[in-house]
Engineer: 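My questions will all concern the structure given below.
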Amino acid sequence: MSAPAKSETPTMEKIVSLCKRRGFIFQSSEIYGGINGFWDYGPLGAELKRNLRDAWWRTMTREREDVVGLDATIIMHPAIWKASGHVDTFADPMVDCLVTNKRLRADQIEPQNGMVYRFTGATGSADTASSVPFAALAPTGKPRESALKTARAFYLARGLQDPEPLGGETGEKVEGTTAFNPENGAELTEPRMFNLMLKTHTGPVESDENVAYLRPETAQAIFAQYKNVVDSSRVKVPFGICQIGKAFRNEINPRNFTFRSREFEQMELEFFIKPDEAIEIISGSVAPWSEGADLTTPQPNWGWELWHRYWVAQRTAFYQSIGLGNVIHYYWQTKEELAHYARACVDILCEFPFGTEELEGIAARGDFDLSQHQKHAGKPLEFFDEELKTAAAALPPEALEAMVQRRLAAEQTKEKGALSEPEVRAWFERLAKGFYLPHVIEPSAGLDRMALAVIAKAFEQYEKIDPKGKSETITVLRLHPSIAPIKVGVFPLLKNKPELVAKAREVFQLLKGKLNTFYDESGAIGRRYARQDEIGTPFCVTIDFETLGETGPELADTVTVRQRDGATQERLKISELSAWLLARI
RNA sequence: GCGGGUGUAGUUCAAUGGUAGAACACGAGCUUCCCAAGCUUGAUACGUCAGUUCGAUUCUGAUCACCCGCUCCA
């Protein structure tokens, strides 16, 4: 029997369904109907996420000697968000056009002059009518008819046929108004604040004085604790501080499963480097970047550009190690897109079923963040560089002056944020004494996005015709073994043979402390393999009658090892099993 | 935030103004069973709140959630 071909379910839906069915990702608070923008990780998702988090932490700090970790609170002093600019830029007054429903930023509307016509409602054909008032602006030079046309569109959108607006025979003159859409003169809604930071209050009383924010990014904690880390950890520039933790953004429109959610986990590194001028004083010159430059080992004469490229290469290697090598892409932000304090920013994108979207941003941010905190907190955050001081003392004054002149010329070409000559000279004076605010390279990745990316990349479904001619859908999650939630499944071939079960339990006990191991005895062996395929387990071990020595002593204490990819099998001695498996994850 | 669509079992889907059904999945049992075999058997669902009605999973409204398109994404 052949059922009519069902319309192809989009891949994303299948992934969401698998995630729920197998316990990777659940909707938060699901038994109460769910809550928009929040997701929970089930047993397998928690393991997967932990594996990714651990892999990041291991490569970013434990395997390096120039990066240390930090674990800061989610709620911090509100002044931090003032200094970072989040209080101002995260709270935008927004208005909506009543005709087109377009959303505009209230503070970006050009003030207009003209005549405002106020309508009290409208009547239309086919007994349609409306008593909703509406106002429209006819800008100076435009006739009343233009306001009337907008009003008709307004009432048309509310279900009236051939609407004829009522009232509004005479207009009132206005100047410098921002209450109307410059495009069509339509009335706008009252400005509403859209603050992307989640707010709470500390202490027992809710008042404006004790407002606190849930951090919208983990980076600021690193800058805020930068001095404590420097003072306590014997680090020397260049060095980094990394952190993994929850961050919160009150997204207007969370979308695409866990890709954009309101509570998410970030993995950020702030890597502090010497300003290029300091490199020049110490090393004589800054090494230039060019295509094909050797980025494997950091060099003392690297400036920000080589460090930036270095971290892009490091992060690329990381994505390769978790199996995303061939689905990542790069987007270099253009000068126009860059924030004024950033020198360069590359987005690492990944192919998702819903499009190619950002997984990580690697920004070269200069000293903006530390300087902001130094200013707002009123505490010096400069780093004292002994080597720089010594080198600067040996530098001829003309050489330093030449650098000042070059910098002054560079400042003049800046469109905004340019430093004045006294500011530049003061900065160089501190530099010559060995003091500077380190510049920052910031690789900032989203853990939840990464988890979604590896699941989406690993997800594979195909149709298989079984020997009876029945077609079935096979689902395999081809996760990289290093991040798979379960590394190995252990099965007795049959569960009603106590000797097989006992041996299988023995093998399970042997492996479970070393690898995340799953014991399963229910269902046919093929079904058990399929179950593990679906959750991405790379290896399965089956204890059969050969293991018990029934077919001869040479196969005694050997097991079948079945691999997910390729579905190949081989026999291994139990004594060699754990070493064999550990070498492959 | 706007517009459109969808909410029934763990999943994918039926049916119905009066008792909700299947397939797969899941649990127990039988089976020398290596890639979702078979047999027996069991548990499990109308998103939420109102309204209309003698009676609502079904009709209406609101709300919540998800999907698609716009918008937004420091």
Side-chain angles (χ1 to χ4, degrees), chain A residues 3 6 9-10 12-14 16-23 26-39 42 81 84-92 94-105 157 189 192 194-197 216-217 219-220 247 249-257 259-262 339 341-342 354 357-358 361 464 466-468 470-476 489 491-497 499-500 521-534 540-546 548 550-551 559-564 566-569 571:
Chain A
K6 259 189 259 173
T9 319
M12 207 49 215
E13 258 174 66
K14 292 179 183 168
V16 173
S17 167
L18 176 73
C19 283
K20 179 170 187 199
R21 192 155 44 83
R22 289 310 203 180
F26 306 130
Q27 198 176 11
S28 170
S29 321
E30 198 193 86
I31 61 166
Y32 287 100
I35 174 164
N36 192 324
F38 296 88
W39 301 92
W81 307 112
S84 69
H86 284 86
V87 170
D88 298 326
T89 57
F90 261 53
D92 298 329
M94 304 291 277
V95 292
D96 295 327
C97 171
L98 287 173
V99 170
T100 61
N101 284 322
K102 267 213 169 152
R103 174 157 301 155
L104 308 162
R105 276 186 55 172
T189 58
R192 282 174 294 185
F194 282 81
N195 196 325
L196 291 201
M197 281 200 289
E217 61 171 39
Q220 294 306 320
R249 288 177 202 180
N250 204 3
E251 295 288 351
I252 292 166
N253 193 1
R255 272 291 166 92
N256 291 331
F257 201 26
F259 184 81
R260 174 168 294 120
S261 45
R262 291 190 165 125
Y341 49 78
F354 45 80
E357 298 280 354
E358 185 181 348
K464 198 181 88 173
D466 70 9
K468 295 188 184 72
K470 230 167 57 181
S471 168
E472 56 189 343
T473 305
I474 304 293
T475 305
V476 186
F491 318 137
L493 183 61
L494 299 174
K495 74 166 163 178
N496 58 352
K497 291 289 169 277
E499 316 84 66
L500 286 177
E521 59 179 29
S522 92
I525 192 74
R527 173 184 300 272
R528 282 177 266 165
Y529 287 150
R531 283 200 279 242
Q532 294 306 312
D533 280 352
E534 221 177 33
C540 292
V541 170
T542 300
I543 283 72
D544 49 30
F545 294 101
E546 281 84 354
L548 302 177
E550 285 193 7
T551 58
V559 292
T560 303
V561 179
R562 182 262 192 186
Q563 300 194 36
R564 176 194 68 203
T568 55
Q569 295 195 171
R571 286 205 81 79

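Please read all numbers here as calculations on a predicted model, not as lab measurements. Numbered from 1 within each chain, the chains take letters A, B, ... in sequence-line order.
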Engineer: Name all residues meeting the side chain to side chain contact (heavy atoms under 4.5 Å, CB included) criterion together with A:N256; count only those two or more places apart in sequence or in a different chain, and write none if there are none.
Structural biologist: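 Expected list: A:F259, A:F354.
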
Engineer: Select base, sugar-phosphate, or nothing to describe what A:L500 touches, counting heavy atoms under 4.0 Å on all strands.
Structural biologist: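 It contacts nothing in the nucleic acid.
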
Engineer: Tell me, please, which residues at least two apart from A:Q563 pass side chain to side chain contact (heavy atoms under 4.5 Å, CB included).
Structural biologist: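 For A:Q563 the side chain to side chain contact (heavy atoms under 4.5 Å, CB included) partners, ignoring immediate neighbours, are A:F539, A:T568, A:E570, A:W580.
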
Engineer: What is the separation between atom CG on A:L548 and atom P on B:rU32, rounded to the nearest whole Å?
Structural biologist: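 Roughly 15 Å, once rounded to whole Å.
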
Engineer: Are any of A:R531's side-chain N or O atoms less than 4.0 Å away from OP1 or OP2 of B:rC26?
Structural biologist: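 Yes, A:R531 has a side-chain N/O under 4.0 Å of OP1/OP2 on B:rC26.
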
Engineer: Please give the distance between the P atoms of B:rA15 and B:rG4 as a whole number of Å.
Structural biologist: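 Looking at atom P only, B:rA15 and B:rG4 are 25 Å apart.
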
Engineer: A side-chain contact here means heavy atoms from C-beta on lying under 4.5 Å apart; do A:E521 and A:F491 qualify?
Structural biologist: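 No, every pair of side-chain atoms sits at 4.5 Å or beyond.
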
Engineer: What pairs of nitrogen or oxygen atoms, one from the protein and one from nucleotides 33-35 of chain B, lie under 3.5 Å apart?
Structural biologist:
| from | atom 1 | to | atom 2 | distance (Å) |
| --- | --- | --- | --- | --- |
| B:rC33 | O2 | A:I525 | N | 3.4 |
| B:rC34 | O2 | A:Y529 | OH | 3.0 |
| B:rC34 | O2 | A:Q569 | OE1 | 2.7 |
| B:rC34 | O2 | A:Q569 | NE2 | 3.4 |
| B:rC34 | N4 | A:D544 | OD2 | 2.1 |
| B:rC34 | N4 | A:T560 | OG1 | 3.4 |
| B:rC35 | O2 | A:R562 | NH2 | 2.7 |
| B:rC35 | N3 | A:R562 | NE | 2.8 |
| B:rC35 | N3 | A:R562 | NH2 | 3.3 |
| B:rC35 | N4 | A:A567 | O | 3.3 |
| B:rC35 | N4 | A:Q569 | OE1 | 2.9 |

Engineer: Does A:E357 have any side chain to side chain donor-acceptor pair (under 3.5 Å) partners at least two apart in sequence or in another chain, and if so, which?
Structural biologist: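 For A:E357, no residue satisfies side chain to side chain donor-acceptor pair (under 3.5 Å) once neighbours in sequence are set aside.
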
Engineer: How do A:E217 and A:I474 order along RNA chain B: which one's closest nucleotide is nearer the 5' end?
Structural biologist: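 Comparing both residues, the 5'-ward one is A:I474.
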
Engineer: Quick one: side chain to side chain donor-acceptor pair (under 3.5 Å) partners of A:R527, sequence neighbours excluded?
Structural biologist: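 Expected list: none.
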
Engineer: For A:R22, what residues pass the salt bridge (charged side-chain N to carboxylate O under 4.0 Å, His left out) criterion, not counting sequence neighbours?
Structural biologist: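 Expected list: A:E534.
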
Engineer: Base, sugar-phosphate, or nothing for A:K20, non-hydrogen atoms under 4.0 angstrom?
Structural biologist: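 The answer is sugar-phosphate, as A:K20 gets under 4.0 Å only of primed atoms, P, OP1 or OP2.
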
Engineer: For atom C1', what is the distance between B:rC13 and B:rG7, given to the nearest Å?
Structural biologist: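 Taking atom C1' in both B:rC13 and B:rG7, they lie 13 Å apart.
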
Engineer: Taking only residues two or more places apart in sequence, or in another chain, which ones meet A:E251 in a side chain to side chain contact (heavy atoms under 4.5 Å, CB included)?
Structural biologist: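 For A:E251, the residues satisfying side chain to side chain contact (heavy atoms under 4.5 Å, CB included) (neighbours in sequence not counted) are A:R249, A:P254, A:R260, A:R262.
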
Engineer: I'd like to check the side chain to side chain donor-acceptor pair (under 3.5 Å) partners of A:R562; sequence neighbours left out, ordered by chain and number.
Structural biologist: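 Expected list: A:D533.
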
Engineer: Under 3.5 Å between N/O atoms: give me all the protein pairs with nucleotides 65-68 of chain B, atom names plus distance.
Structural biologist:
| from | atom 1 | to | atom 2 | distance (Å) |
| --- | --- | --- | --- | --- |
| B:rA65 | OP1 | A:N36 | N | 3.1 |
| B:rA65 | O4' | A:G33 | O | 3.1 |
| B:rA65 | O3' | A:Q27 | NE2 | 2.9 |
| B:rA65 | O2' | A:Q27 | NE2 | 2.6 |
| B:rC66 | OP2 | A:N36 | ND2 | 3.1 |
| B:rC67 | OP1 | A:F257 | N | 3.4 |
| B:rC68 | N4 | A:R255 | NH2 | 2.9 |

Engineer: In chain order, what residues pass the side chain to side chain contact (heavy atoms under 4.5 Å, CB included) check against A:I35, with sequence neighbours excluded?
Structural biologist: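 A:I35 satisfies side chain to side chain contact (heavy atoms under 4.5 Å, CB included) with A:S28, A:S29, A:F38 once adjacent residues are dropped.
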
Engineer: With sequence neighbours excluded, what pairs up with A:R531 under the side chain to side chain donor-acceptor pair (under 3.5 Å) test?
Structural biologist: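 Result, side chain to side chain donor-acceptor pair (under 3.5 Å) vs A:R531: A:D520, A:S522.
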
Engineer: Using Watson-Crick pairs (N1 to N3, plus N6-O4 or O6-N4) and G-U wobble pairs, both distances under 3.5 Å, which stems of at least 3 pairs involve RNA chain B?
Structural biologist: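 Stem list for RNA chain B: B:1-7 with B:64-70, B:10-13 with B:21-24, B:26-30 with B:38-42, B:47-51 with B:59-63.
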
